A.B. asks: 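First, the structure itself, so that you have it in front of you.
Computed from a predicted structure; not experimentally measured.
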Amino acid sequence: MAECQGDGEGAKSPMELYEKLTAQGEQVRALKTAKATKADVDAAVQLLIQLKTDYKQMTGQDYKAGCPPSENSVAPDNGPAAGGADDEDTVDPWNVSTNNAKGVDYDKLILRFGSSKVDKELVDRIEKVSGQKPHRFLRRGIFFSHRDMHQVLDAYEKQKSFYLYTGRGPSSEAMHVGHLIPFIFTKWLQDVFDIPLVVQLTDDEKYLWKDLSLEDCHRFAVENAKDIIACGFDVNKTFIFSDLDYMGASPEFYRNVVKVQKHVTFNQVKGIFGFTDSDCIGKISFPAIQAAPSFSSSFPQIFKGRKDIQCLIPCAIDQDPYFRMTRDVAPRIGYPKPALLHSTFFPALQGAQTKMSASDANTSIFLTDTPKQIKNKVNKHAFSGGKDTVEEHRKYGGNPDVDVAFMYLTFFLEDDEQLEKIRQDYASGALLTGELKKLLIETLQPMIEQHQQRRKQVTEEEVKLFMTPRPLNFNF
């Protein structure tokens with residue numbers, strides 16, 4: 001990382017940095033064409049990513065090949081930040097990064113996005129209304145922010161039901177463990193409230209944003225659906241759909257897309273999502289497609305044409321811009337605003353400065369990984385909060401707040417008392433880094449192996465049934 005930063009800092013002007021970026025992009029392409037070793041390609045790609053970050057910091061704009069910067073392309077304040085004022089976390093639907101080893105400052109993010117904190121009062125109320133012990137994701141602040149959750153519970157107490165909507169952008173055939181987080185929690189919500197769920201697979205979005213064929217995006221959607229089904233969702237309560245399929249099969253869905261499109265201006269989507277004049281028109285219109293499942297009338301086969309059933313969306317907080325837009329539009333087109341529950345990000349193996357990404361195998365533990373691969377990835381790549389030597393660690397203890405192995409255990413270890421004991425033992429030095437990683441490995445290996453076994457049992461006929469528009473077993 002230090003070498004990458006040094007290369008970018010060596011450029012004295014936006015044009016010099018642009019030229020470095022162009023040359024590095026050509027270097028990456030040449031290495032791939034020559035079928036260079038994975039280590040050489042990865043190193044070149046990491047340098048390219050760092051140069052792009054440096055370019056944006058210097059110019060305030062994203063790098064675009066073939067579009068050199070103008071003479072005035074310099075960010076408004078390029079000097080050192082006083083007191084860390086410029087260290088604001090980057091959180092949007094496509095990028096998540098922070099300079100803090102502990103990860104994104106979620107309290108600041110709540111203030112920035114204007115959402116509400118999931119506090120003890122709300123967690124206790126969910127327990128009272130559902131009659132179930134709160135999920136560990138609620139108990140541990142993994143789902144930490146919300147919009148209108150109290151309103152959903154108010155209505156539920158008056159026998160007014162709601163439905164769930166979550167999604168997945170299928171950019172690869174294999175999902176990683178971080179992708180499971182919204183689905184694990186959504187299944188719990190569906191089970192305790194006994195409500196229907198719609199899952200949107202945005203294969204159209206991935207075609208617009210990624211260098212993928214339309215056929216591959218749709219194939220990835222079907223493959224990802226198998227992993228979602230393997231989470232244990234009930235076929236009688238769940239509809240999974242590909243945008244590429246459902247948009248053409250449901251006039252009601254498309255009509256809601258058009259209604260949203262009419263009520264959001266180009267200036268608004270530029271302000272919300274950062275689109276530029278160079279982005280294709282598909283990207284500019286896509287937010288309306290992600291908004292449409294928030295309205296019950298988009299699914300007449302489930303809700304019999306009713307427009308008044310509220311939607312609850314469990315998702316990572318980087319998706320919130322889509323639904324801020326949706327909540328602004330909803331009352332203007334005669335629909336209730338969707339409510340949201342936001343999760344924290346699942347950190348990359350290398351540390352909480354960014355989230356796990358399917359595009360980098362070394363930052364991710366995939367649902368297809370073997371026990372040996374899981375063990376090697378955790379031991380080799382998981383960032384440690386331990387000290388440099390055993391003696392120092394025994395004396396001073398480790399830092400669980402930055403240790404990736406401990407962070408992962410907070411997601412997957414059910415027992416609160418066991419988790420707290422691990423935290424205390426690691427912080428005191430009684431538990432070594434290698435021992436903590438071993439605990440994580442022993443947690444992940446059976447969990448992923450069980451998922452793989454469930455996925456093997458998912459048949460093509462079962463996938464087709466989940467993805468066929470049909471009534472679900474609910475009476476509203």
A.B. asks: Report yes or no: do H393 and D388 form a side-chain donor-acceptor pair below 3.5 Å?
C.D. replies: no
A.B. asks: When the ring planes of F411 and F137 are compared, do they come out parallel, tilted or perpendicular, using 30° and 60° as the limits?
C.D. replies: perpendicular
A.B. asks: So F299 and F303, would you call those rings parallel, tilted or perpendicular, with 30° and 60° as cut-offs?
C.D. replies: perpendicular
A.B. asks: Please assess D203 against F220 for the test side-chain contact (heavy atoms from CB on, under 4.5 Å), listing each intermediate value before the final yes or no.
C.D. replies: CA-CA 8 Å; D203 39 10; F220 293 158; over 6 Å; no
A.B. asks: Do the ring planes of Y322 and F286 sit parallel (below 30°), tilted (30 to 60°) or perpendicular (above 60°)?
C.D. replies: perpendicular
A.B. asks: Could you check whether R470 makes a cation-pi contact with F239, meaning its NZ or CZ is under 6.0 Å from the centre of the six-membered ring and within 45° of the ring axis?
C.D. replies: no
A.B. asks: May I ask you to check whether F366 and H179 place their ring centres under 6.0 Å from each other?
C.D. replies: no
A.B. asks: Are F162 and F193 close enough that their ring centers fall under 6.0 Å?
C.D. replies: yes
A.B. asks: Any chance you could lay out the ring-ring contact (aromatic ring centres under 6.0 Å, His included) test for F406 and F383, step after step, and finish with the verdict?
C.D. replies: CA-CA 10 Å; F406 183 79; F383 182 80; over 10 Å; no
A.B. asks: Do V104 and T344 touch side chain to side chain, with heavy atoms closer than 4.5 Å?
C.D. replies: no
A.B. asks: For the residue pair S115 / D320, report whether a side-chain donor-acceptor contact shorter than 3.5 Å exists.
C.D. replies: no
A.B. asks: Under a 3.5 Å threshold, yes or no: a donor from one side chain and an acceptor from the other, between H342 and S145?
C.D. replies: yes
A.B. asks: Quick one: salt bridge (Lys or Arg N to Asp or Glu O under 4.0 Å) pairs with a partner in residues 438-449, sequence neighbours left out?
C.D. replies: K438-E442
A.B. asks: Which pairs pass salt bridge (Lys or Arg N to Asp or Glu O under 4.0 Å) with one or both residues in residues 301-310, sequence neighbours excluded?
C.D. replies: R306-D308
A.B. asks: Is it the case that Q290 and Q319 place a side-chain donor and acceptor less than 3.5 Å from each other?
C.D. replies: yes
A.B. asks: Side chains of E173 and D216: does their closest heavy-atom pair fall under 4.5 Å?
C.D. replies: no
A.B. asks: Can you tell me if Q190 and T238 form a side-chain donor-acceptor pair at under 3.5 Å?
C.D. replies: yes
A.B. asks: For a quick check under 3.5 Å, do T433 and S384 share a side-chain donor-acceptor pair by atom type?
C.D. replies: yes
A.B. asks: Test C311 against every option in Y335, F295, F323, Y163 by the side chain to side chain contact (heavy atoms under 4.5 Å, CB included) rule and name the one that passes.
C.D. replies: Y163
A.B. asks: How about L349 and Y408: do any of their side-chain heavy atoms sit closer than 4.5 Å?
C.D. replies: yes
A.B. asks: Scan P293, C315, S298, S296 and name whichever one has a side chain to side chain contact (heavy atoms under 4.5 Å, CB included) with Y165.
C.D. replies: P293
